[in-house]
Amino acid sequence: MLRYDEAMLRYLTAGESHGPALVATIEGLPAGVVISGKQVRAELARRRHGYGRGTRMKFEEDRLEILGGVRHGRSLGSPLAMVIHNTEWPKWQQIMAVEEEDGVLEDPSLTRPRPGHADLTGMLKYGFPDARAVLERASARETAARVAVGAVFKALLAPLGVTIVSHVLEVGSVRAADRDLPNPVDLERIDSSPLRCLDSGAESAMIEAIEEARRAGDTLGGVFEVVAWGVPPGLGTYVHWDRRIDAQLAQAIMSIHAIKGVEIGPGFDIARTPGSRAHDEIQWEEGKGFSRPTERSGGTEAGMTTGAPLRVRAAMKPLSSLARSLPTVDVNTKEEAPAITQRSDVCAVPAAGVIGEAAVAFVLARAMLEKFGGDSVAELQRNLHAYMDEIGRR
Ligand SMILES: Cc1cc2nc3c(=O)[nH]c(=O)nc-3n(C[C@H](O)[C@H](O)[C@H](O)COP(=O)(O)O)c2cc1C
């Protein structure tokens, strides 16, 4: 029997950080989604952006190819397959060779696992003698494939009226000032700012904090927010734990590397607020129907979307690979040693926001298909519009 989350829209990725390519397949996409390689490449470029990224982002390209499921710019309803070639592959083809006879072992081998990474537990769990076989798949490079599939889910959502924006709220201990929620029209300004932050004063302080961390051989985490506009009421449900939309969002966001906390709307702050100021009162007006003058719920109640903008925040831990390596133990000698050094970012919160958009796009696209069904975008649109007309009359 299929699990609930396997029965509808789903995707899988494959590939290692320094392997020949990343691969992604999507199953359950309806026909008629407008998709172009250009659009997916533009999303991949947004993931590479952001002050604080390491040298890899500068020399590496995301060479994307769509291999199946799309014809003349429209999805066919068949599985969609994409590949993101690794332009650095020639440098890695021996260390990451598929065939045993083509491979060479690294010199020296990676036997000093990095604290905060998958290295040690992965080696113990899978029985590997060093960290290479672990870190290659555990690397956040895999999120390039998630952003590529996210571009497809956004293209599915666009004709349904849903747009997704993300922005950076905190880097280290620097916080952007509270402001109105960013709109889709703000996206261009967000994407052209160095840290994808709308508060330029705070952004300068964030850049300074990143530079200070860089000089100290340290790293910084932070907080980003994803906002989805145009989400209809009633996606998700209260009837089962795994069908609650807030639970699905938390899982999707939490699955992003280095994310350690998720909030829906005001999240933890609401726990400190009295009930009289924590909820959105309901009003009704002739001709306008139901409305709520506040947006405190973050767009969900009881596992369902309410129709208000959906707001999800995520806390990203400081990156684990430090230029000034943390102490660890060599797994062969059992002696204390500095952890292996890998090329690393100082801060990747802006990129994580773009990955967060892809995660939210997946959950919303799946929920739209669950509620409105249809084998084509036109059928999905018809069902959505009929439902919106119906609830508009109440
Ligand atoms: C976009 C992005 C880029 C990242 N870049 C790095 C990096 O350069 N160096 C690093 O140590 N960790 C980086 N990470 C975080 C690690 O992948 C993550 O901390 C590690 O896999 C451990 O995962 P976990 O703490 O979520 O369990 C990045 C994460 C994301 C989302």
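Nothing here was measured: the structure is a model prediction, and the numbers come from that model. First listed ligand is number 1; within each ligand, the first listed atom is number 1.
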> For the side chain of E27 and the backbone of Y11, is there at least one donor-acceptor N/O pair under 3.5 Å apart?
Replying inline: no
>> So, regarding H117 and ligand 1 (criterion: nitrogen or oxygen to nitrogen or oxygen, under 3.5 Å), is there a contact or not?
In response: yes
> So, does A138 sit close enough to ligand 1 that a heavy atom of it is under 4.0 Å from the ligand?
Replying inline: yes
> With respect to F224, which candidate in V354, I355, V349 satisfies the side-chain contact (heavy atoms from CB on, under 4.5 Å) definition?
Replying inline: V349
> Checking R41 side chain against L64 main chain: does a donor-acceptor pair fall under 3.5 Å?
Replying inline: yes
> If you count the atoms of ligand 1 from 1 in the order shown, which ones are under 4.0 Å from a heavy atom of A140?
Replying inline: 2 (C), 3 (C), 4 (C), 17 (O), 28 (C), 29 (C), 30 (C)
> How long is the gap from CG on D180 to CG on L198, to the nearest 0.5 Å?
Replying inline: 10.5 Å
>> Checking the side chain of S325 only, and the main-chain atoms of P338 only, is there a donor and an acceptor separated by less than 3.5 Å?
In response: no
> Just going by heavy-atom distances, which of H257, R141, M254, K317 is nearest to atom 19 (O) of ligand 1?
Replying inline: K317
>> Can you confirm whether L364 sits close enough to L235 that some side-chain heavy atom of one is under 4.5 Å from a side-chain heavy atom of the other?
In response: yes
> Heavy-atom distance to atom 14 (N) of ligand 1: which of T219, V346, L135, L319 wins?
Replying inline: L319
>> Using heavy-atom distances only, which candidate in S17, G353, S344, A118 approaches atom 7 (C) of ligand 1 most closely?
In response: S344
> Is it true that the side chains of T13 and R137 contain a donor and an acceptor less than 3.5 Å apart?
Replying inline: yes
> Who gets closest to atom 18 (C) of ligand 1 by heavy atom: A258, G50, G221?
Replying inline: A258
>> I need the minimum non-hydrogen distance between I253 and A359, along with the two atoms involved.
In response: CD1-CB, 4.1 Å
> Where's the contact between R47 and ligand 1, heavy-atom distance under 4.0 Å: side chain, backbone, both or neither?
Replying inline: neither
> R114: heavy atom below 4.0 Å from ligand 1, yes or no?
Replying inline: no
> Does an N or O anywhere in S321 fall below 3.5 Å from an N or O of ligand 1?
Replying inline: yes
> Should the ring pair F153 and F362 be called parallel, tilted or perpendicular, given that the plane angle runs from 0 to 90° and is split at 30 and 60?
Replying inline: tilted
> For atom 27 (O) of ligand 1, what's the nearest protein heavy atom and its distance?
Replying inline: K260 NZ, 3.5 Å
> Strictly by modelled atom types, are T143 and R47 linked by a side-chain donor-acceptor pair under 3.5 Å?
Replying inline: yes
> Which ligand 1 atoms does M316 reach within 4.0 Å, using its non-hydrogen atoms?
Replying inline: 29 (C), 30 (C), 31 (C)
> Below 4.5 Å, heavy atoms only, C-beta onward: do L220 and P318 meet side chain to side chain?
Replying inline: no
> Does ligand 1 have any atom sitting under 4.0 Å from a heavy atom of S320?
Replying inline: yes
>> So, regarding D345 and ligand 1 (criterion: nitrogen or oxygen to nitrogen or oxygen, under 3.5 Å), is there a contact or not?
In response: yes
>> Measuring from atom 3 (C) of ligand 1, which candidate in G356, A348, A314 has the nearest non-hydrogen atom?
In response: A348
> Short list, please: which atoms of ligand 1 are under 4.0 Å from a heavy atom of G116?
Replying inline: 22 (C)
>> Can you report which non-hydrogen protein atom sits closest to atom 1 (C) of ligand 1, along with the distance?
In response: I355 CD1, 3.5 Å
